[in-house]
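Scope of the values below: all heavy atoms of this structure, side chains included, with no hydrogens, waters or symmetry mates. Numbers here are sequence positions counted from 1. For ligands, and for the atoms within them, numbers begin at 1 and follow the listed sequence.
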Amino acid sequence: MTIAAGSDHAGFAHKSFLKTWLEQQGHNVQDFGSHSADSTDYPDYAHPVAQAVEQGKADLGLLICGTANGMAMAANKHQGIRAALCWNEEVAALARQHNNANVICIPARFTTPEEARSILARFLATGFEGGRHQRRIEKLGC
Ligand code: RB5
């Protein structure tokens, strides 16, 4: 899969760790930055990642900041984007099964890199259930 990835300074170390892991798994990672731990603004990374998914240039998006709230808020401004804040594996699985989430937002300040990897792995391994959930996501209006 092609995965668009972005982080601010708070998520930079997690993103670097997850990017290496994703590439080891055979995925293509489009890295939209940040490229250092210098203080920066999360919307500058959330919007390009969301646009890549929105335009079909990436299959899924990965966004990481301190809480993941700012990333999810920015990404969900985009048409066709269902960005989900995932802080554990079960939430990540349900975001795919029930919400057909196409962007995962992970909170770097509340997960270890290894926990984030497990959360991301579960997200990638889980599919949308469709059925009643299709009707519900259609009512999101995005
Ligand atoms: C940065 O200090 C922090 O505000 C940011 O990483 C994120 O948590 C925002 O939602």
Side-chain angles (χ1 to χ4, degrees), residues 1-130 133-142:
M1 268 193 279
T2 295
I3 298 171
S7 74
D8 69 356
H9 52 286
F12 171 68
H14 273 56
K15 176 170 66 64
S16 301
F17 180 83
L18 295 176
K19 180 181 175 184
T20 299
W21 177 77
L22 284 167
E23 289 173 343
Q24 286 170 349
Q25 300 299 305
H27 298 294
N28 173 41
V29 179
Q30 294 179 344
D31 188 350
F32 288 90
S34 162
H35 299 294
S36 80
D38 294 344
S39 183
T40 187
D41 302 334
Y42 55 82
D44 294 346
Y45 310 97
H47 290 306
V49 165
Q51 279 164 0
V53 176
E54 192 176 14
Q55 295 169 0
K57 294 176 182 169
D59 299 300
L60 293 172
L62 166 65
L63 289 168
I64 310 167
C65 67
T67 62
N69 269 322
M71 289 297 199
M73 290 177 188
N76 278 319
K77 297 288 183 191
H78 292 256
Q79 191 68 27
I81 295 301
R82 290 175 301 279
L85 200 170
C86 297
W87 60 91
N88 67 30
E89 284 188 50
E90 189 176 4
V91 172
L94 288 166
R96 292 286 304 129
Q97 289 168 348
H98 290 191
N99 311 115
N100 200 14
N102 51 14
V103 176
I104 182 170
C105 304
I106 300 178
R109 290 183 174 148
F110 299 89
T111 58
T112 65
E114 291 77 15
E115 287 168 345
R117 180 178 58 196
S118 298
I119 292 166
L120 177 59
R122 188 75 174 273
F123 187 83
L124 295 176
T126 307
F128 180 47
E129 286 181 357
H133 301 297
Q134 179 63 36
R135 182 181 72 243
R136 292 167 185 168
I137 67 167
E138 284 170 8
K139 290 184 179 182
L140 288 171
C142 66

Task: Polar proximity ligand 1 side, R109 side, N/O cut 3.5 Å exclusive - done: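 Yes: some nitrogen or oxygen of R109 is under 3.5 Å from one in ligand 1.
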Open item on the list: Tell me whether G70 has any N or O atom under 3.5 angstrom from an N or O of ligand 1.
Closed with: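 Min N/O separation from ligand 1 is below 3.5 Å for G70.
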What atoms in ligand 1 come closer than 4.0 Å to a heavy atom of [X]?
X	answer
G66	5 (C), 6 (O), 7 (C), 8 (O)
D8	1 (C), 5 (C), 6 (O)
A10	6 (O)
Y42	9 (C), 10 (O)

- [ ] Kindly state if atom 6 (O) of ligand 1 has a protein heavy atom within a strict 4.0 Å cut-off, that is, under 4.0 Å?
- [x]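 True for atom 6 (O) of ligand 1.
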TODO: Mark the output for H9 as yes if a heavy-atom distance to ligand 1 is under 4.0 Å, and as no if none is.
DONE: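 H9 counts as a contact of ligand 1 under the 4.0 Å cut-off.
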- [ ] Return yes when M73 approaches ligand 1 closer than 4.0 angstrom through a heavy atom, no otherwise.
- [x]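 The answer is no, since M73 has no heavy atom less than 4.0 Å from ligand 1.
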Task: Heavy-atom neighbours of W87 CH2 exceed 12 at 6.0 Å - done: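 No, the 6.0 Å shell around CH2 holds no more than 12 heavy atoms from other groups.
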- [ ] Could you tell me whether the side chain of L60 reaches within less than 4.5 Å of the side chain of I104, counting heavy atoms only?
- [x]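 I104 vs L60: side chains apart.
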Task: Backbone N/O of V91 and side chain of N88: donor-acceptor pair under 3.5 Å - done: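 Indeed, once roles are kept as given, a pair shorter than 3.5 Å links the two residues.
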Task: Donor-acceptor contact present, side-chain E54 to main-chain Q79, <3.5 Å - done: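 Such a contact is found between E54 side chain and Q79 backbone.
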Open item on the list: Would you compute the distance between atom CD1 of I106 and atom CG of L18 and round it to the nearest 0.5 angstrom?
Closed with: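 Taking CD1 in I106 and CG in L18, the distance rounds to 6.0 Å.
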Open item on the list: Could you measure the distance from the CD1 atom of I119 to the SG atom of C105? Nearest 0.5 Å is fine.
Closed with: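 Going from the CD1 atom of I119 to the SG atom of C105 covers 12.0 Å.
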- [ ] Specify whether H98 and H133 have parallel, tilted or perpendicular ring planes, treating 30° as the upper limit for parallel and 60° as the lower limit for perpendicular.
- [x]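 It falls in the parallel class, under 30°.
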Task: Closest protein heavy atom (residue, atom, distance) for atom 8 (O) of ligand 1 - done: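 Among all protein heavy atoms, the one nearest atom 8 (O) of ligand 1 is T67 N, 2.9 Å.
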